[in-house]
Amino acid sequence: MSTDLHHTPESASTTTTPRAAALHDPVIDWFDDHARDLPWRRPDAGAWSVMVSEFMLQQTPVVRVLPVHEQWLARWPRPADLAAESPGEAVRAWGRLGYPRRALRLHAAAGAIAQRHGGEVPREHAELLALPGVGEYTAAAVASFAYGQRHIVLDTNVRRVFARVATGVAHPPNATTAAERRTAEGLLPADEATAARWAAATMELGALVCTARSPQCGQCPVAAMCAWRLAGCPPHDGPPRRGQSYAGTDRQVRGRLLAVLRASPGPVAQAALDAVWHEPVQRARALDGLVEDGLVEPLADGVYRLPV
DNA sequence: TATACGTGGTT
DNA sequence: TAACCAAGTAT
């Protein structure tokens with residue numbers, strides 16, 4: 001990894017172009033007027049609130065995260081509070097947000113924060129990245145949103161905005177590329193506080209206006225400067241965007257099995273799990289996978305429970 | 001780099 | 001209605 005990936009204040013002001021600077025004010029002004037009032041964005045929201053939201057928002061829409069986030073912060077207001085719980089309680093409280101391994105990783109991250117960071121969410125990008133379940137995006141997001149630092153924050157919304165505004169294509173590539181990182185660096189404001197605002201603003205613009213299906217270009221503050229619009233809004237021409245199959249997959253079986261475990265306050269008998277899926281080989285494979293992932297604990301005599 | 005990993009709303 | 005989409009990470 002090069003130092004460029006850290007996006008430190010020292011490293012990037014040289015790459016900001018005048019054209020990039022012309023985008024900053026309109027987008028940030030738009031954000032001032034249109035930003036949603038989300039709990040993790042309020043002035044009294046701490047880094048822990050931001051971090052919990054980022055875990056929950058990985059591949060999950062805001063509207064579904066809202067109530068669960070509120071419950072989590074009320075129940076576990078500090079990382080150490082969550083760390084003191086069993087991982088199974090985290091999985092149970094995760095409810096139907098999906099990808100329950102995120103609950104396990106957030107619980108593990110809380111443990112690491114309690115143990116290695118004095119109970120405070122770390123400020124350093126590298127320290128955040130070292131936490132379980134924290135990747136490049138989440139580390140940058142927490143450092144930027146919670147601590148006001150200057151980082152490129154490349155989530156699916158920002159990538160789509162930049163693909164259109166800067167690159168002139170309808171959609172970003174399937175996986176984040178070095179070219180996208182260069183584009184993002186070139187657009188990132190030099191000033192730290194402005195960069196943090198820019199990160200949140202571009203994300204919100206992608207979420208509310210520059211959407212995947214039917215962008216509201218009439219509401220966009222930079223429509224007149226958008227490379228994609230100026231090119232006539234050409235349709236996506238790259239490789240097909242990989243869909244996520246679900247029906248009939250192990251993921252669906254895992255979901256059903258875990259739903260039974262979550263609903264039960266205590267251990268569950270094999271028969272209750274067998275009832276959720278007819279095909280025994282796939283059912284066994286899914287259950288083994290859940291055990292392997294630490295989401296389920298096998299007890300003696302074919303009884304299972306959430307991890308303690 | 002490609003794939004596995006939940007869930008539910010929208011078009 | 002089947003496909004697409006949603007603040008990604010780990011392997």
Side-chain angles (χ1 to χ4, degrees), chain A residues 31 35-36 38-41 49-69 91 94-106 108-109 128-146 151-162 170-178 180 184 199-208 210-215 236 239-262 276-277 282 285-286 288-290 292-296:
Chain A
F31 186 58
R36 289 167 292 180
L38 302 174
W40 46 88
R41 279 185 185 156
S49 176
V50 173
M51 185 166 164
V52 170
S53 80
E54 291 302 337
F55 269 78
M56 292 181 170
L57 287 163
Q58 291 168 6
Q59 298 286 283
T60 303
V62 168
V63 287
R64 289 188 20 226
V65 164
L66 247 15
V68 185
H69 179 271
V91 172
W94 196 254
R96 304 189 67 80
L97 283 184
Y99 292 151
R101 51 173 58 171
R102 290 180 293 164
L104 227 41
R105 289 175 180 149
L106 181 50
L128 289 162
L129 194 55
L131 296 171
V134 176
E136 184 64 36
Y137 161 75
T138 301
V142 172
S144 180
F145 302 154
H151 297 276
I152 62 168
V153 179
L154 277 181
D155 80 318
T156 188
N157 290 304
V158 177
R159 292 180 62 215
R160 186 174 53 249
V161 169
F162 291 173
H171 294 286
N174 280 325
T176 305
T177 63
E180 286 183 274
T202 48
M203 188 173 301
E204 191 77 334
L205 187 63
L208 298 183
C210 193
T211 55
R213 299 267 190 111
S214 43
H236 181 65
R241 298 158 57 66
R242 175 174 52 91
Q244 312 163 333
S245 56
Y246 181 64
T249 63
D250 287 4
R251 283 156 71 193
Q252 183 179 23
V253 184
R254 287 166 57 109
R256 289 193 182 184
L257 291 170
L258 210 53
V260 173
L261 275 297
R262 277 197 313 263
V276 305
W277 199 255
Q282 187 180 25
R285 185 172 66 235
D288 285 349
L290 288 170
E292 178 70 23
D293 290 348
L295 284 162
V296 173

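Because the structure is a prediction, the values reported are computed rather than measured. Note: hydrogens, waters and symmetry copies are ignored here, and every other heavy atom, side chains too, is used. Note on naming: letters A, B, ... go to the chains in the order of the sequence lines (proteins, then strands), and numbering restarts at 1 for each one.
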> How close or far is atom P of B/dA4 from atom CG of A/Leu258, stated in whole angstroms?
Replying inline: 19 Å
>> Measure CZ/A/Arg102 against P/C/dA6 and give the value in whole Å, please.
In response: 15 Å
>> Say we look at B/dT3 and C/dA7: how far apart would their P atoms be, to the nearest angstrom?
In response: 23 Å
> Between B/dG6 and C/dT11, how far is it from one P atom to the other, in whole Å?
Replying inline: 14 Å
>> Side-chain N or O of A/Arg160 versus OP1/OP2 of C/dA6: is the shortest distance under 4.0 Å?
In response: yes
> Should A/Tyr246 be listed as having a side-chain N or O under 4.0 Å from OP1 or OP2 of B/dT7?
Replying inline: yes
>> Over all strands shown, is A/Val134 touching base, sugar-phosphate only, or nothing at heavy-atom distances under 4.0 angstrom?
In response: sugar-phosphate
>> Nearest 0.5 Å, please: how far is CZ in A/Arg251 from OG1 in A/Thr249?
In response: 5.5 Å
> Can you list the residues that meet the ring pair (Phe, Tyr, Trp, His ring centres under 6.0 Å) rule with A/Trp277, with sequence neighbours excluded?
Replying inline: none
> Is there a donor and acceptor pair, one atom on the side chain of A/Thr60 and one on the base of B/dG8, closer than 3.5 Å?
Replying inline: no
> To the side chain of A/His171, which of C/dT9, C/dC5, B/dG6 is closest?
Replying inline: C/dC5
Review item, nucleotides 9-11 of chain B N/O atoms under 3.5 Å of protein N/O:
from, atom 1, to, atom 2, distance (Å)
B/dT11, O4', A/Arg213, NH1, 2.9

